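To keep things clear, I will list the structure first and then write my remarks on it.
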Amino acid sequence: MAASTFQHALGTVKFLGWDSSPGSQNGISTFSVKMVSKDFGLDMRLLKRGNCSSGSCKLRMVHALASHSSVADPVQAPSNQNSSDSQKKTNETALILIRHGESLWNEKNLFTGCVDVPLTQKGVEEAIEAGKRISNIPVDIIYTSALIRAQMTAMLAMTQHRRKKVPIIMHNESQQAKTWSQIYSGDTMKQSIPVITAWQLNERMYGELQGLNKQETADRFGKEKVHEWRRSYDIPPPNGESLEMCAERAVAYFKEQIQPDLLTGKNIMIAAHGNSLRSIIMYLDRLTSQEVISLELSTGIPMLYIFKEGKFIRRGSPVAPSEAGVYAYTRKLALYRQKLDEMLH
C-alpha cells in the first residue's frame, strides 16, 4: 500500500494508494516530489510495494486534518507544535444554520410559535443526520433559541462531530448561575463548546393561533387570510408577530452578538427556527421583503455560509461524508487539489 502526505499551514491531507503494477512485490521503497510556488508548497512521500511507476499507483483522499479555526480543514491533528500554532486563524470562518428537526406539534400540524415543545423521533433522526452533514466543519460556538426543540437539535447534531467536543449550555441569567456552572479545568474547557441561548432567536410568536390546528384554522378564517398571516412580511396574526417583527429582533441579535464572533475568527453554528432563520438569511443574502416570503427551510437541513472579508458566501447544504474528508474547501485548498490532479493524471 502506498501513502502520501500533503502538508501546509492549513493542515495535512492524507492519501491511500495501491500498486496496481503486475508482479509487484512486498518490498518498500520511497519516492519524493516537492513542488513550491508563490501560493503553496508540496512535499509528497510515496511509500509503495515493489516498483510503482507514475501510472501504476492510484491515490484517493481519505483524511484531512488542520487547525481548529480552518474552514477548509476542521479537525485538529495530533501534533508536537506549541499551542500558539493551533491558534492561527484563516481569513475565512464558517457559519452553519440549522432549522430544528420535526417537533411534536409539527407532526400534529399545529401552530407552535413560542410554545416550547420537543422533537419527535423523526426530529431526533433529522438532527442526527444534520450532525453527520456538518461533522467535518469546525464549530467553536453554538447559538440556539431559548426553545427546547432548537437546543435538542444542536446537541444531537454535535454527537456526530469528529472533534467530539462537548457542547455546554452557558447559564448567564444570574451571577449565581455563572458561579455554579463554572468549569475549573483548562483541559476540559478546550474540549468543550459554549452553547449560548437567546430568546431573540425564538420562532416568531403566532399569537392567538398558537396551539390551533392549521387546517381547522384555514377552514375557520379562510385559506387566504391564514396564508396572509403565515407568509406575508408585515401582517401579524392576531396578537402575534409578523415576519418583519421577528426579523427586527433576530437580525439585531445576529449583528450585535454573533457577527462579532465571526470577525474574531470563530466558527459558529445557529440552531433556531423557520422564521428566525429566514430573517437572518434575508440579511445574509440581502433578500427583499418579497423574496424572503417565498423562502422555505426544511427541518433538520443545515446550510453553510463562509464569512470572508466582511461578506457572506452561501455554500448550500453539506452532504454527509462517505469517508473522512472536507466539505468547505477554501480557494487555496481547491488550488492544491487542482495541482495534485494535474500531477497525478
Side-chain angles (χ1 to χ4, degrees), residues 94-103 105-106 109-115 130 143-145 147 149-150 153 198-210 212-259 262 268-318:
L95 173 64
I96 304 165
L97 308 179
I98 305 179
R99 183 188 175 192
H100 63 81
E102 182 189 67
S103 75
W105 277 17
N106 290 144
N109 200 33
L110 305 180
F111 286 102
T112 310
C114 289
V115 180
Y143 284 89
T144 79
S145 76
L147 302 175
R149 56 191 185 272
T153 298
W199 70 267
Q200 293 91 334
L201 298 175
N202 283 6
E203 179 59 282
R204 72 178 173 117
M205 206 275 280
Y206 269 99
E208 295 176 14
L209 300 187
Q210 292 185 167
L212 300 183
N213 180 277
K214 293 177 182 178
Q215 183 58 53
E216 292 175 359
T217 305
D219 293 341
R220 176 182 173 185
F221 294 100
K223 291 182 180 180
E224 290 186 3
K225 175 56 70 175
V226 173
H227 181 78
E228 185 179 63
W229 287 335
R230 295 186 64 190
R231 288 295 177 260
S232 66
Y233 181 68
D234 56 1
I235 300 175
N239 294 317
E241 284 185 309
S242 64
L243 178 57
E244 181 180 31
M245 296 162 69
C246 178
E248 286 178 1
R249 58 175 167 84
V251 173
Y253 185 82
F254 181 88
K255 290 179 178 179
E256 294 168 7
Q257 303 296 327
I258 300 175
Q259 194 161 320
L262 292 166
I268 307 296
M269 182 173 84
I270 303 175
H273 307 266
N275 284 295
S276 56
L277 290 177
R278 287 167 73 207
S279 301
I280 291 171
I281 291 170
M282 180 182 180
Y283 167 68
L284 300 180
D285 290 349
R286 300 180 180 181
L287 302 180
T288 67
S289 58
Q290 290 302 309
E291 290 172 329
V292 73
I293 61 176
S294 62
L295 177 63
E296 294 288 345
L297 301 180
S298 299
T299 54
I301 301 297
M303 291 185 62
L304 173 64
Y305 285 81
I306 300 302
F307 183 64
K308 181 178 181 180
E309 299 176 352
K311 297 179 180 180
F312 291 96
I313 306 166
R314 186 202 287 237
R315 287 287 179 86
S317 180

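Worth saying up front: this structure is predicted, and the values here are computed from it rather than measured.
- Scored by the side chain to side chain contact (heavy atoms under 4.5 Å, CB included) test, D234 finds E244 as partners (sequence neighbours excluded).
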- Message: Let's go through I258 and I280 carefully: what are the C-alpha distance in whole Å and the side-chain angles of both, what is the deciding distance for side chain to side chain contact (heavy atoms under 4.5 Å, CB included) to 0.1 Å, and is it a yes or a no?
- Response: CA-CA 11 Å; I258 300 175; I280 291 171; 5.5 Å; no
- Task: Test side-chain hydrogen bond (donor to acceptor under 3.5 Å, both in side chains) on Q259 and Y283 and set out the steps.
- Result: CA-CA 12 Å; Q259 194 161 320; Y283 167 68; 2.9 Å; yes
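- For F221 and W229, the distance between ring centers is under 6.0 angstrom.
- Taking the side chain as every heavy atom from C-beta outward, P237 and R204 approach each other to under 4.5 Å.
- The backbone N or O of Y253 sits nowhere less than 3.5 Å from a side-chain atom of E256 that would complete a donor-acceptor pair.
- One distance of note links CZ of R149 with OG1 of T299; it measures 11.5 Å at 0.5 Å rounding.
- Heavy-atom minimum distance, S145 versus A150: OG-CB, 3.4 Å.
- Relative orientation of the F312 and F254 rings is tilted, given thresholds of 30° and 60° on the angle between their planes.
- At least one donor-acceptor pair closer than 3.5 Å links the side chain of S103 to the backbone N or O of N106.
- Contact detail for T217 and V226: the closest heavy-atom pair is O-CG2, 3.6 Å.
- Proximity of I98 to T153: side-chain heavy atoms (C-beta onward) are separated by under 4.5 Å at one or more points.
- With rounding to the nearest 0.5 angstrom, the CE atom of M269 is 13.0 Å from the OH atom of Y143.
- P302 approaches S317 most closely through the heavy-atom pair O-OG, 2.8 Å.
- Here the side chain of R249 pairs a donor or acceptor atom with the backbone of Q200 at under 3.5 angstrom.
- Looking only at side-chain heavy atoms (C-beta outward), T112 and Q210 stay at 4.5 Å or farther from each other.
- Residues L212 and L110 are not in side-chain contact: their nearest non-hydrogen atoms beyond the backbone lie 4.5 Å or more apart.
- The two residues N202 and S276 come nearest to each other via the heavy atoms O-CB, 3.5 Å.
- I293 meets the side chain to side chain contact (heavy atoms under 4.5 Å, CB included) test with Y233, R278, Q290; sequence neighbours excluded.
- Minimum heavy-atom separation, M245 to P236: SD-CB, 4.4 Å.
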- What's the verdict on side chain to side chain contact (heavy atoms under 4.5 Å, CB included) for E291 and M282, showing C-alpha distance, side-chain angles and the deciding distance? CA-CA 8 Å; E291 290 172 329; M282 180 182 180; over 6 Å; no
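- No donor-acceptor distance shorter than 3.5 angstrom exists from the side chain of S279 to the backbone of A250, with no hydrogens or angles considered.
- Side-chain contact check for L147 versus H100: every heavy-atom pair is 4.5 Å or farther apart.
- Screening L262, I96, D285 for a side-chain contact (heavy atoms from CB on, under 4.5 Å) involving Y305 leaves a single residue, D285.
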- Evaluate the side chain to side chain contact (heavy atoms under 4.5 Å, CB included) criterion for residues L304 and L95: first the C-alpha distance (whole Å), next the side-chain angles of each, then the deciding distance (0.1 Å), finally the verdict. CA-CA 6 Å; L304 173 64; L95 173 64; 6.0 Å; no
- Message: Using the rule given for side chain to side chain contact (heavy atoms under 4.5 Å, CB included), can you reason through L201 versus L277, listing the C-alpha separation, both sets of side-chain angles and the distance that settles it, and then say yes or no?
- Response: CA-CA 8 Å; L201 298 175; L277 290 177; over 6 Å; no
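- Looking only at side-chain heavy atoms (C-beta outward), L297 and M303 come within less than 4.5 Å of each other.
- Heavy atoms only, all atoms of each residue included: H273 and E203 are closest at CD2-N, 3.3 Å.
- Annotation: R231, atom CZ; neighbour count of heavy atoms from other residues, nucleotides and ligands within 6.0 Å is above 12.
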